[in-house]
Amino acid sequence: MSKRPSHRPEFTPSAIYEYPEHLRQWLKEIPALPGVYVFHGESETLPLYIGKSVNLRSRVLSHLRTPNEASMLYQSKRISWTRTAGEVGALLLEAKMIKEHQPLFNKRLRRSRQLCSLLLTDNKPEVVYAREIDFAHQPGLYGLFANRRAALETLKSIADEHQLCYGLLGLESLTRGRGCFRSALHRCAGACCGKESLESHQHRLITALERLQLVCWPWEGAIALKEESANLTQYHIIRNWMWLGSVTSLEDAGSLSRQQAGFDHDGYKILCKPLLSNSTEIIAL
């Protein structure tokens, strides 16, 4: 006997939405300035949500008016915030806090214990891991990936787009003296069987990978990135693409700059543009 189709409506967060009047008291002191904000529930150690904005007040108010966030708002008991001197500081602090506290309603910036990249070894891409190689100083790295599977999927996409050989890339085995299966389907240009030169194949591979190339840390040691707005100046102390903390005076930077600093994925993504664009003041420490 066939089952009756269910006519129960699907639950949507907006169905239980009510303006969170109980949070209104926490809005009084929130400024229209850059920073990081936190929605807290019953737990003092596990936040519900952590976010950042160049305008804290506007961003927090937008949450309160969003029906799709009804579940988070219903569980929230209070809102706290931390001022920063600008967007870079807010991005860095948000990333650090999310990784440390793992909020229930955040879906990004989780810890990645398998962070890897592609390294060209003997003209063949190899998956290498940040736990084994210093990504801040190793030249010839391409892309940052959460795991080996993601790295290989990206390599396959590049191969498909540029008619590269899976066999020569190490993605599948080759039979000596024979072309790969994809060459017969005209999906590989034939470097595996002499239809094109290995040099041509390698040139297309490197050209395709260039857009993913990681930048080695350009300074000998730590630096301070200066950021300021509305009566607040901060110096973000950074080494090897890792944010070590922020101070309001360079006189306090010494202990931070001497901390151990390995490559940080989120720091690299946040800092690459402001550090390399000559748009910010940078002081070598």
Side-chain angles (χ1 to χ4, degrees), residues 2-3 5-6 10 91 95 98-99 106-218 240-242 262-273 275-277:
S2 62
K3 292 183 179 180
S6 174
E10 292 186 9
L91 285 165
I98 289 176
K99 284 187 289 188
N106 284 89
K107 297 181 180 180
R108 298 179 298 111
L109 300 175
R110 300 284 182 168
R111 291 184 184 274
S112 177
R113 304 186 190 282
Q114 301 180 51
L115 181 65
C116 57
S117 185
L118 294 169
L119 173 66
L120 282 183
T121 304
D122 296 329
N123 295 326
K124 183 181 292 186
E126 173 190 3
V127 178
V128 293
Y129 295 87
R131 64 175 181 264
E132 299 168 351
I133 290 178
D134 181 4
F135 279 17
H137 297 97
Q138 172 65 53
L141 291 176
Y142 300 92
L144 289 171
F145 308 98
N147 50 55
R148 177 181 178 84
R149 179 179 177 181
L152 294 179
E153 286 300 319
T154 296
L155 189 56
K156 285 182 179 179
S157 296
I158 289 172
D160 292 342
E161 181 179 354
H162 298 278
Q163 288 191 296
L164 300 173
C165 177
Y166 277 18
L168 294 178
L169 296 179
L171 294 170
E172 63 182 36
S173 59
L174 282 174
T175 302
R176 190 179 182 87
R178 296 181 59 184
C180 70
F181 176 70
R182 293 173 69 254
S183 67
L185 301 176
H186 304 291
R187 295 177 183 173
C188 160
C192 51
C193 56
K195 292 181 181 178
E196 74 161 340
S197 68
L198 293 175
E199 291 76 14
S200 176
H201 180 277
Q202 190 66 10
H203 175 72
R204 292 206 316 287
L205 170 61
I206 293 175
T207 300
L209 287 173
E210 279 180 351
R211 62 184 176 85
L212 301 176
Q213 187 165 12
L214 301 190
V215 179
C216 291
W217 180 244
N240 298 340
W241 300 111
M242 175 175 279
F263 180 85
D264 179 60
H265 180 195
D266 297 316
Y268 181 86
K269 292 198 303 181
I270 293 167
L271 293 164
C272 226
K273 183 176 180 179
L275 289 184
L276 301 179
S277 64

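On a predicted model such as this, the values are computed, not experimentally measured, just so you know.
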Q.
Using only atom types and a distance under 3.5 Å, with no angle test, would you say the side chain of Tyr268 pairs donor to acceptor with the backbone of Ala136?
A. no

Q.
Closer than 3.5 angstrom, by distance alone: can the side chain of Asn147 be matched with the main-chain N or O of Arg149 as a donor-acceptor pair?
A. yes

Q: Determine whether Asn240 and His137 make a side-chain contact, defined as any pair of heavy atoms from C-beta on separated by less than 4.5 Å.
A: yes

Q.
The test is side-chain contact (heavy atoms from CB on, under 4.5 Å); show your working for Leu168 and Lys124 and say whether it passes.
A. CA-CA 7 Å; Leu168 294 178; Lys124 183 181 292 186; over 6 Å; no

Q. Between Arg187 and Arg182, is there a donor-acceptor pair closer than 3.5 Å when you use the side chain of the first and the backbone of the second?
A. no

Q: Would you sort out whether Trp217 and Leu275 count as a side-chain contact (heavy atoms from CB on, under 4.5 Å), showing the intermediate values?
A: CA-CA 10 Å; Trp217 180 244; Leu275 289 184; 3.9 Å; yes

(Q) Rounded at 0.5 Å granularity, tell me how far CG in Asp264 sits from NZ in Lys99. (A) 3.5 Å

Please tabulate, for side-chain N and O atoms in residues 204-214, each donor-acceptor pair with protein atoms closer than 3.5 Å (sequence neighbours left out).
{"unit_1": "Arg204", "atom_1": "NE", "unit_2": "His162", "atom_2": "O", "d": "3.0"}
{"unit_1": "Arg204", "atom_1": "NH1", "unit_2": "Glu196", "atom_2": "OE1", "d": "2.7"}
{"unit_1": "Arg204", "atom_1": "NH1", "unit_2": "Glu196", "atom_2": "OE2", "d": "3.2"}
{"unit_1": "Arg204", "atom_1": "NH2", "unit_2": "His162", "atom_2": "O", "d": "3.0"}
{"unit_1": "Arg204", "atom_1": "NH2", "unit_2": "Gln163", "atom_2": "O", "d": "3.0"}
{"unit_1": "Arg204", "atom_1": "NH2", "unit_2": "Glu196", "atom_2": "OE2", "d": "3.2"}
{"unit_1": "Thr207", "atom_1": "OG1", "unit_2": "His203", "atom_2": "O", "d": "2.8"}

Q.
Just verifying a value: how many Å separate Glu126 CD and Thr121 OG1, rounded to the nearest 0.5 Å?
A. 4.0 Å

Q | Separation between CD of Gln138 and CD1 of Ile133, rounded to the nearest 0.5 Å | A | 5.5 Å

(Q) Could you measure the distance from the CD1 atom of Ile270 to the NE2 atom of His265? Nearest 0.5 Å is fine. (A) 9.5 Å

Q: Could you check Leu118 against Leu141 for side-chain contact (heavy atoms from CB on, under 4.5 Å), going step by step and ending with a plain yes or no?
A: CA-CA 6 Å; Leu118 294 169; Leu141 291 176; over 6 Å; no

Q) Short question: side chain of Ser117, backbone of Gly143 - any donor-acceptor pair under 3.5 Å? A) yes

Q.
Let me confirm one number: the SG-NZ distance from Cys188 to Lys195, rounded to the nearest 0.5 Å.
A. 8.0 Å

Q: Could you give me the CA-CA distance, side-chain angles and deciding distance for Tyr166 and Leu155, then say whether side-chain contact (heavy atoms from CB on, under 4.5 Å) is met?
A: CA-CA 9 Å; Tyr166 277 18; Leu155 189 56; over 6 Å; no

Q. Taking only residues two or more places apart in sequence, or in another chain, which ones meet Arg178 in a side-chain contact (heavy atoms from CB on, under 4.5 Å)?
A. Thr175

Q | Nearest non-hydrogen partners of Gly179 and Cys192, listed with the distance | A | CA-SG, 3.8 Å

Q | Within 6.0 Å of CZ in Phe181, more than 12 heavy atoms from elsewhere | A | no

Q | Results of ring-ring contact (aromatic ring centres under 6.0 Å, His included) for Phe135 - residues two or more places apart only | A | Phe263

**Q.** Nearest-0.5 Å distance that lies between atom SG in Cys180 and atom CG in Leu185
**A.** 8.5 Å

Q. Leu271 versus Leu91: any side-chain heavy-atom pair under 4.5 Å?
A. no

